[in-house]
Amino acid sequence: MPDNRSVRDELQATLDARRELGPDYEAALVDSFVERLDATIAARVRAELDQHDPAPHKRPAQGSPMIPIALGSMGIGIPLTAIAAGNAGLVGLTITWLAIVIINVAAAGATMRRR
């Protein structure tokens, strides 16, 4: 493999430089070699991944992220309706349902942006 030869050559050059420069530069030489080795490994992994076709991803149903939000809104909306209407009348009821609508619209917008 030609890549193994270049890694060996890099290691040999690092060892030769260490002998010439002495132990004061050992950390810098090791760091430099590790960076080159990491780049070589990353290139090999990318090449290997490019050779294989990625598995097809199953797309979730269009409405599935919104189902928990819709059910939660209905579940919370019923008791909030009773509390708001009993304590604040029509104004409280209107504010409560406006807040629920705004939260649902914001959640739907965020879900649509992620796609």
Side-chain angles (χ1 to χ4, degrees):
M1 278 183 148
D3 287 341
N4 282 344
R5 183 43 114 185
S6 78
V7 171
R8 286 186 185 132
D9 292 343
E10 291 283 337
L11 179 58
Q12 187 61 49
T14 301
L15 292 173
D16 292 342
R18 199 272 184 206
R19 277 188 215 109
E20 286 180 24
L21 298 174
D24 294 338
Y25 293 96
E26 184 172 324
L29 292 169
V30 169
D31 289 342
S32 174
F33 177 74
V34 168
E35 287 175 14
R36 289 185 299 229
L37 186 61
D38 283 344
T40 301
I41 291 170
R44 286 183 185 178
V45 169
R46 273 193 302 276
E48 187 70 27
L49 289 175
D50 289 344
Q51 288 179 357
H52 300 290
D53 291 332
H57 295 288
K58 183 180 176 185
R59 287 192 72 188
Q62 291 290 353
S64 61
M66 289 302 299
I67 290 173
I69 295 171
L71 292 175
S73 293
M74 288 172 37
I76 290 174
I78 293 169
L80 286 179
T81 299
I83 294 168
N87 291 332
L90 184 59
V91 175
L93 184 66
T94 305
I95 291 171
T96 299
W97 278 101
L98 278 175
I100 291 172
V101 168
I102 290 170
I103 290 169
N104 280 299
V105 168
T111 301
M112 301 275 282
R113 275 184 255 131
R114 276 189 247 139
R115 290 178 185 224

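- Of all heavy-atom pairs between Ala84 and Leu93, the closest is CB-N, 3.8 Å.
- Hydrophobic clustering of Ile, Leu, Val, Met, Phe, Trp and Tyr side chains at less than 4.5 Å, counting indirect connections, keeps Trp97 apart from Val105.
- Taking CE of Met66 as the start and CG of Leu71 as the end, the distance is 10.5 Å to the nearest 0.5 Å.
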Exercise for review: Decide side-chain contact (heavy atoms from CB on, under 4.5 Å) for Leu15 and Leu11; before the verdict, give the C-alpha distance in whole Å, the side-chain angles of both, and the deciding distance to 0.1 Å.
Suggested key: CA-CA 6 Å; Leu15 292 173; Leu11 179 58; 4.2 Å; yes
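- Two residues are said to be in side-chain contact when any heavy atoms from C-beta on lie closer than 4.5 Å; Thr14 and Arg18 fail this criterion.
- Between the CE atom of Met74 and the CG atom of Asn104 there is a distance of 10.5 Å, given to the nearest 0.5 Å.
- Tested against Ser73, the residues Leu80, Ile100, Ile103, Val101 include a single side-chain contact (heavy atoms from CB on, under 4.5 Å) partner, Ile100.
- The main-chain N or O of Ala28 is never found under 3.5 Å from a side-chain atom of Ser32 such that the two would form a donor-acceptor pair.
- Annotation for Val91: hydrophobic cluster partners, listed by chain and number, are Ile95 (ILVMFWY side-chain heavy atoms under 4.5 Å, direct or chained).
- Taking CG of Asp16 as the start and CG of Asp9 as the end, the distance is 10.5 Å to the nearest 0.5 Å.
- Atom CG of Asp31 is separated from atom CD of Glu26 by 10.5 Å, given to the nearest 0.5 angstrom.
- There is no path of hydrophobic side-chain contacts, each under 4.5 Å, that joins Tyr25 to Val30.
- Taken to the nearest 0.5 Å, the CD1 atom of Ile69 stands 11.0 Å off from the CD1 atom of Ile76.
- The number of heavy atoms from other shown groups lying within 6.0 Å of CG (Leu21) is above 12.
- The distance from the CZ atom of Phe33 to the CG atom of Asp38 is 10.0 Å, given to the nearest 0.5 Å.
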